Protein chains: 2
Amino acid sequence: MAATIRDVARLAGVSPSTVSRALSLPGMVNATTRARVAAAVEQLGYEPNRAARGLITGRTGTIGLVVPDLANPFFASLTKGVQARARHHDVAVFVADTDEDPAAEAGLVRALSKQVDGVVLCSPRASDEELAAIAQDTTVVLVNRTAVGLPGVAYDNEDGMRQAVAHLVALGHRRIAWVGGPATSWSTQHRGLGLRNAVEALRAELAPVGNFAPTYEGGMAAADQVVATGATAVVAYNDLVAIGLLARLHSRGISVPGDLSVVGVDDIAMSRMARPALTTVRLPKQEAGRIAVELLLAMLDDPESAAEGSKHGELHGELIVRDSTGPAPQK
Amino acid sequence: MAATIRDVARLAGVSPSTVSRALSLPGMVNATTRARVAAAVEQLGYEPNRAARGLITGRTGTIGLVVPDLANPFFASLTKGVQARARHHDVAVFVADTDEDPAAEAGLVRALSKQVDGVVLCSPRASDEELAAIAQDTTVVLVNRTAVGLPGVAYDNEDGMRQAVAHLVALGHRRIAWVGGPATSWSTQHRGLGLRNAVEALRAELAPVGNFAPTYEGGMAAADQVVATGATAVVAYNDLVAIGLLARLHSRGISVPGDLSVVGVDDIAMSRMARPALTTVRLPKQEAGRIAVELLLAMLDDPESAAEGSKHGELHGELIVRDSTGPAPQK
DNA sequence: GGGTGGACTGCAATCCTTTGCAGTGCCCGT
DNA sequence: ACGGGCACTGCAAAGGATTGCAGTCCACCC
């Protein structure tokens, strides 16, 4: 059906080898020949068969992306970034969604590894050991976390938390509650740490209320405990949790930001639509996806750089102040 | 590196052909031979090389999915459904996001068509002619709309709108505003039609306020016009628009549902987090993705059914009543 | 006992492209 | 005038799996 390299060769009056070279190593063929080949390619609408090319080069021109949940806007943005960047490099992306099941990750990556050159893995919960095992199968770039020995792109959570705390302290808050996400989550750990450091540096006080699901429901569940801490401000694991807090606080008649200021993390689309619009630390999600792709592709092109390992991208968050934070209430 | 079919053949003491058959046409090989092959496969961890197989069978074991915007929760859910179902069939999914640029669709499908067996296309804006042209390149299943001669899965918008109107009329509303999405959108047209029919059947009155972007901003922009119609209820193109309406109405001090009832369409995650929680027509988004995959795979397995054309899936929406609708105000 | 058919299995071609190696022809230097 | 080198091009193998065709072997029938 589709034109093959032989058809092009025949039409251009050259051998298939020459066609192949004219396309991939233009410097190696005479300009006039190259033009004839180009014309034939054009006329026939020829495009190299990727399977055949992959068979011989060992490369598929495809990368995989594994995320916990596509329906989560955070991962959707990430996916968008990955996809856009990959297309820019003429690389296709297989996406796979683990449905928030960390156990499925390893199997998925293994299955994927046969069909792709490498994978971008977003695995907030897995341990470093599990990740190391997964990385045996194929070239892996982590996103949204780091792990020793593995390349990845992550956010500077400490810095983001510092910005949030500085904002709250400037508003007069002294006691700040912290609603963590899943205990095993890399981000929870780093955000918690960043918060402790920031609070200490600014002579405020942190009131952690434990670990909750990183969802709207998680936020609803945490709200009453937040109130019980007596804090005048709260930092939530992410925006979904913050919005859950907002909902429960509202139904309890607690005013935000009058009685309690709320800060989220991520800046998903929903945040600016929340009522009150949510103050949050914006994470450049698409950017993370883009950088992960660049990192992965660079490793693929030059395996040395992979060996040298631990290539990292680090991204900074930016505090977006909206209406959910305000001056601390006077006692 | 990885084991090939010849390695397996050697270990099992048979020819590569027999291994191939043992795996894909088990009935053709002797049970004991098959067992030996199976053991060898197991021991070597053999998996057929997809590129090599694709080269000869002409099938890639991959389908494409083209959506306007992955970051839109509606399409994210759809993607999730497609992806899950495809994995179930051991088929990989390339996803591509057109960034809401209908002009990019054709090119994207064409590029994709070289690498996939077929594509699931979500193209709300393209004309029937454009779609027909696109479908030349490869096997296409439409999702979220229909077009003559092309298979697709769509929602019964008329029915969904009828449910919404029946609900509103039962609450005493007689004049219902309608905020349409992009004029060229298939869904806008069908929802508008369904609304007109339903309103007529129930002796109410429709007040269309025109076409807006299918976004939060679109809803904000439409709100004042909705108010100006004097309607006591409004149906929005989708939930995003409805949430935008909610925001603007709130800032104008118009009570929902006290002064005005609001109904959306889609039931995205955000809707139940809105304030007030949004009454909406829930569309089975993942289900649509799943069915589209089934349809596509069936057409691929049996091209006849493709020729017979116009295979369709139809899905029904379900009205989810939350807090944004209430009794019509007494004049 | 020879012939026929059935049940398996193997051979070899094929899918399409890339790439190491071996030309071919020409130019230039000596 | 001849050898060497350069620039370019072609040959052929390779990559891994599938499949039409042909072969082997055995059992069974007449």
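Being a predicted model, the structure only gives us computed values, none of them experimental. Chain naming here is simple, since letters A, B, ... match the order of the sequence lines and numbering starts at 1 in each.
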Worksheet entry | Sidechain-backbone polar pair: A/Thr33 side chain, A/Val29 backbone, donor-acceptor under 3.5 Å | no

Practice prompt. Run the salt-bridge test on B/Arg145 and B/Asp128 with the 4.0 Å N-O cut-off and return the result as yes or no.
Written response: yes

Practice prompt. Mind checking B/Val19 for me? I need base, sugar-phosphate or nothing, with any heavy atom below 4.0 Å counting as a touch.
Written response: nothing

Worksheet, complete the sentence: A/Arg50 CZ to D/dG16 C1', in whole Å, measures 20 Å

Practice prompt. Verify the contact: side-chain N or O of B/Thr18 to OP1 or OP2 of C/dG10, cut-off strictly under 4.0 Å; return yes or no.
Written response: yes

Item to complete: Look at B/Lys80 together with A/Asp99 and state whether they make a salt bridge at an N to O cut-off of under 4.0 Å.
Response: yes

Discussion item. Return whichever of A/Thr32 or B/Ile56 has its heavy-atom-nearest nucleotide of DNA chain D closer to the 5' end.
Written reply: A/Thr32

Practice prompt. Would you mind reading off the distance between A/Arg10 atom CZ and C/dT17 atom P, rounded to a whole angstrom?
Written response: 12 Å

Worksheet item: Whole Å only: how far is the CG atom of B/Asp7 from the C1' atom of D/dA17?
Response: 13 Å

Worksheet item: Taking for each residue the nucleotide of DNA chain C bearing the nearest heavy atom, is the 5' side occupied by B/Pro16 or by A/Ser17?
Response: B/Pro16

Worksheet item: To the nearest angstrom, how far is B/Met28 atom CE from C/dG10 atom P?
Response: 12 Å

Worksheet item: Any side-chain N or O of B/Thr33 less than 4.0 Å from the OP1 or OP2 oxygen of C/dT9?
Response: yes

Discussion item. How long is the straight-line distance from CZ of A/Phe94 back to OG1 of A/Thr62, given to the nearest 0.5 Å?
Written reply: 5.0 Å

Discussion item. Tell me the interatomic distance from B/Arg34, atom CZ, to C/dT9, atom P, rounded to whole angstroms.
Written reply: 10 Å

Fill in: Interatomic distance where CG belongs to B/Asn30 and P belongs to D/dA27 [whole Å]
13 Å

Discussion item. For a quick check, tell me whether the side chain of B/Arg6 and the base of D/dG15 share a donor-acceptor pair closer than 3.5 Å.
Written reply: no

Discussion item. Measuring to OP1 and OP2 of D/dG16, would you say a side-chain N or O of B/Thr4 lies under 4.0 angstrom away?
Written reply: no

Response to the item:
Rounded to whole Å, the CD-P distance (B/Glu47 to D/dT18) equals 13 Å

Worksheet item: Would you say the side-chain atoms of A/Glu105 and A/Ser123 include a donor-acceptor pair closer than 3.5 Å?
Response: yes

Worksheet item: Does B/Tyr46 put a side-chain nitrogen or oxygen below 4.0 Å from OP1 or OP2 of D/dG16?
Response: no

Practice prompt. Could you tell me the separation between the CG atom of A/Leu55 and the P atom of D/dA14, rounded to a whole number of Å?
Written response: 13 Å

